[in-house]
Novice: 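Dropping the structure in here first, questions after.
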Amino acid sequence: MRADFSNTQIQALATHFVGNKHTDNTFFYSEELVRVQDEELQEQLKQYFTAPFAEKEEYFEFYHESDEALNTVKHYAEKIFADQEQLLEHSISIAKHLFEISDAPNIKSGELHVAYLDKVYLNDEVMPAIGLYKTEERDAFFQLSKQHTGYEIELQKGISADKLDKGCIIFNTRKGMQLCIVDKTNKRSDAVYWRDKFLKITAMADEYHHTREYLAATKDFIVKGIPQEYEVSKAEQADYLNRSLEFFRNNKQFDEQEFANEVFQDKELISSFNGYKHQYEENHDVSLNGGFDISDSAVKRTARVFKSVIKLDKNFHVYVHGDRDLIEKGYDEAVGKHYYKIYFDKEQ
């Protein structure tokens with residue numbers, strides 16, 4: 001599921017300043033919309049507001065601990081979708097909400113931009129969308145001005161046109177509102193206010209989510225769980241990781257029993273995996289589905305961190321991609337060191 005913004009237009013834009021309630025306690029709201037009449041500026045803003053979301057595969061939905069209707073951003077997004085002319089009024093309420101939850105010392109001040117986007121495509125469905133963006137960082141740049149006898153150079157600071165700090169796009173689909181997000185700053189666990197406190201969203205239970213979560217749980221079991229119960233070499237762990245990834249690559253649908261039999265094979269190990277999986281669900285507050293359509297894009301993204309690497313002191317890294325039987329571990333008593341013997345046909 002990917003969005004297409006090639007025909008998107010910015011119909012309205014409101015910008016407000018939201019400070020840190022804990023430190024500077026500054027809040028400024030605009031009394032009129034931002035005028036975006038220049039075509040080149042319109043195009044640059046569209047790129048700034050939409051380009052970071054074009055490749056997003058993970059989508060979210062609003063939630064609230066007691067009642068989803070009490071989710072503040074969702075409430076005002078519904079009002080804006082119902083009447084675009086009220087965007088300025090409701091954007092102020094959204095900015096006030098952001099100010100109220102910006103009460104931790106590490107939260108940076110910045111502008112909140114609320115944009116009404118028209119002609120957004122998602123899964124071949126055309127719809128309006130609302131973009132929420134916060135600009136926090138300022139980049140230095142040189143401003144050159146030509147004078148009668150030469151040039152003057154002035155150092156200024158501004159917002160980079162190709163570096164979005166924080167943002168989300170709310171898609172008004174026929175099935176309800178769906179979101180994708182960007183948060184390139186404040187990635188520490190104590191600073192996820194944008195997603196968890198401001199937006200209050202949770203990952204949608206779609207094929208991308210199911211695939212990613214199951215692969216994450218599998219890797220956790222292989223890397224952390226198995227060594228707690230069994231003596232296992234790094235080469236064997238690498239083999240389990242490779243088998244897991246290959247199962248997801250070679251199948252369109254996921255079947256939990258088939259996966260466990262093919263990857264772990266041993267009954268005791270399968271039983272350990274099932275027990276570990278239930279504990280993982282509790283610890284990570286996720287639900288691992290036993291059957292779902294496999295998302296190719298989630299598999300490709302997960303493969304980047306699903307590396308089967310054997311690290312040997314600080315001298316060597318051995319990447320294991322295939323046949324476990326072609327790598328053999330031993331111990332040389334004469335030199336007092338462990339070794340790996342690797343079999344291959346030709347050197348490349």
Side-chain angles (χ1 to χ4, degrees), residues 5 8-50 52-53 62 69-104 107-120 127-139 143 156-161 163-172 177 179 181-183 185-186 193-194 197-200:
F5 302 101
T8 298
Q9 294 181 331
I10 302 172
Q11 293 294 331
L13 175 63
T15 296
H16 315 288
F17 185 85
V18 179
N20 185 308
K21 191 176 182 182
H22 181 79
T23 55
D24 57 35
N25 200 34
T26 303
F27 180 81
F28 169 81
Y29 67 89
S30 299
E31 297 180 1
E32 58 184 25
L33 295 172
V34 179
R35 296 184 180 88
V36 186
Q37 298 174 331
D38 182 81
E39 289 186 10
E40 184 178 357
L41 177 58
Q42 167 84 219
E43 185 61 30
Q44 285 291 330
L45 281 173
K46 187 185 92 167
Q47 284 294 109
Y48 179 73
F49 287 154
T50 63
F53 301 91
F62 289 113
L70 299 176
N71 184 298
T72 303
V73 175
K74 180 186 179 185
H75 172 75
Y76 290 112
E78 288 175 337
K79 288 183 174 294
I80 294 171
F81 282 129
D83 185 0
Q84 176 192 339
E85 298 299 320
Q86 299 300 313
L87 179 134
L88 179 61
E89 176 187 343
H90 299 313
S91 71
I92 295 172
S93 298
I94 293 173
K96 288 179 179 178
H97 168 57
L98 178 59
F99 177 68
E100 288 300 321
I101 62 95
S102 298
D103 56 359
I107 296 177
K108 298 178 181 179
S109 301
E111 293 81 17
L112 176 70
H113 312 275
V114 182
Y116 190 90
L117 308 174
D118 193 23
K119 297 181 181 177
V120 177
M127 69 196 74
I130 297 170
L132 305 177
Y133 316 92
K134 189 182 178 191
T135 48
E136 297 177 337
E137 303 294 331
R138 295 291 187 272
D139 288 344
Q143 181 67 48
Q156 296 185 357
K157 287 189 175 183
I159 300 167
S160 174
K163 190 166 62 177
L164 180 65
D165 295 325
K166 281 181 172 61
C168 86
I169 293 182
I170 306 168
F171 301 89
N172 194 26
M177 285 186 274
L179 304 86
I181 66 170
V182 167
D183 190 351
T185 60
N186 294 332
Y193 74 96
W194 180 256
K197 294 184 68 176
F198 172 57
L199 296 172
K200 277 193 178 294

Novice: Check whether any side-chain heavy atom of Thr26 lies under 4.5 Å from a side-chain heavy atom of Ser109, and answer yes or no.
Specialist: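 A side-chain contact is absent here, since even the closest heavy-atom pair is not under 4.5 Å.
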Novice: Rounded to the nearest 0.5 Å, how far apart are NE2 of His22 and CD1 of Ile107?
Specialist: 10.0 Å
Novice: Just wondering, do Lys79 and Gln86 contact through their side chains at under 4.5 Å, heavy atoms?
Specialist: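 A side-chain contact under 4.5 Å is absent here.
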Novice: Could you check His97 against Tyr76 for side chain to side chain contact (heavy atoms under 4.5 Å, CB included), going step by step and ending with a plain yes or no?
Specialist: CA-CA 10 Å; His97 168 57; Tyr76 290 112; 5.9 Å; no
Novice: For the residue pair Thr8 and Phe49, establish whether any side-chain heavy-atom pair is separated by less than 4.5 Å.
Specialist: no
Novice: For the residue pair Ala14 and Leu87, what are the closest heavy atoms and their distance?
Specialist: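 Closest approach of Ala14 to Leu87: CB-CD2, 3.8 Å.
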Novice: Ile170 vs Phe62, test: side chain to side chain contact (heavy atoms under 4.5 Å, CB included). Steps then yes/no.
Specialist: CA-CA 10 Å; Ile170 306 168; Phe62 289 113; 3.9 Å; yes
Novice: Let me see the working for Ile80 and Ile94 under side chain to side chain contact (heavy atoms under 4.5 Å, CB included), right down to the final yes or no.
Specialist: CA-CA 11 Å; Ile80 294 171; Ile94 293 173; 4.2 Å; yes
Novice: Any idea which heavy atoms bring Leu179 and Cys168 closest together, and the distance?
Specialist: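 Smallest interatomic distance, heavy atoms only, reads CD2-SG, 4.2 Å.
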Novice: Begin with the C-alpha distance, continue with both residues' side-chain angles, and end with the deciding distance and a verdict on salt bridge (charged side-chain N to carboxylate O under 4.0 Å, His left out) for Arg138 and Glu111.
Specialist: CA-CA 11 Å; Arg138 295 291 187 272; Glu111 293 81 17; 2.7 Å; yes
Novice: Looking only at heavy atoms, which two atoms of Ala115 and Leu13 are closest? And how far apart?
Specialist: CB-CD1, 3.9 Å
Novice: I need the Leu98 CG to Lys134 NZ distance, nearest 0.5 Å.
Specialist: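 Output value for this atom pair is 5.5 Å.
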Novice: Give the intermediate values and the outcome of side chain to side chain contact (heavy atoms under 4.5 Å, CB included) for residues Lys163 and Glu137.
Specialist: CA-CA 9 Å; Lys163 190 166 62 177; Glu137 303 294 331; 5.6 Å; no
Novice: Measure up the Tyr133 and Phe53 rings against each other and bin them: parallel (under 30°), tilted (30 to 60°), perpendicular (over 60°).
Specialist: perpendicular
Novice: Main chain of Glu136, side chain of Asp165: is a donor-acceptor contact present, judged purely on distance under 3.5 Å?
Specialist: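 Here the side-chain-to-backbone pair exists.
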Novice: Atom CZ of Phe17 and atom OG1 of Thr135: how far apart are they, to the nearest 0.5 Å?
Specialist: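 Rounded to the nearest 0.5 Å, the CZ-OG1 separation comes to 8.5 Å.
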Novice: Does Gln9 reach the side chain of Leu117, with side-chain heavy atoms less than 4.5 Å apart?
Specialist: no
Novice: Would you say CZ of Phe27 has more than 12 non-hydrogen atoms from neighbouring residues, nucleotides or ligands within 6.0 angstrom?
Specialist: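 Yes, the 6.0 Å shell around CZ holds more than 12 heavy atoms from other groups.
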Novice: Please check if the number of heavy atoms outside Gln156 that lie under 6.0 Å from its CD is greater than 12.
Specialist: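 Enclosed.
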Novice: For the residue pair Gln42 and Ile10, what are the closest heavy atoms and their distance?
Specialist: OE1-N, 2.9 Å
Novice: With rounding to the nearest 0.5 angstrom, report the NZ to CG distance, Lys21 to Asp103.
Specialist: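 The distance works out to 7.0 Å.
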Novice: For the residue pair Trp194 and Leu132, what are the closest heavy atoms and their distance?
Specialist: CZ2-O, 3.7 Å
Novice: Between atom NE2 of His16 and atom OG of Ser30, what is the distance when rounded to the nearest 0.5 Å?
Specialist: 5.5 Å
Novice: How close do Asp139 and Ser160 get, counting heavy atoms only, and between which atoms?
Specialist: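 The answer is OD2-CB, 3.1 Å.
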Novice: So do the side chains of Asn25 and Phe99 get within less than 4.5 Å of each other, counting heavy atoms only?
Specialist: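 Side-chain contact under 4.5 Å: yes.
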Novice: CG/Asp83 to CD/Glu78 distance, rounded to the nearest 0.5 angstrom?
Specialist: 14.0 Å
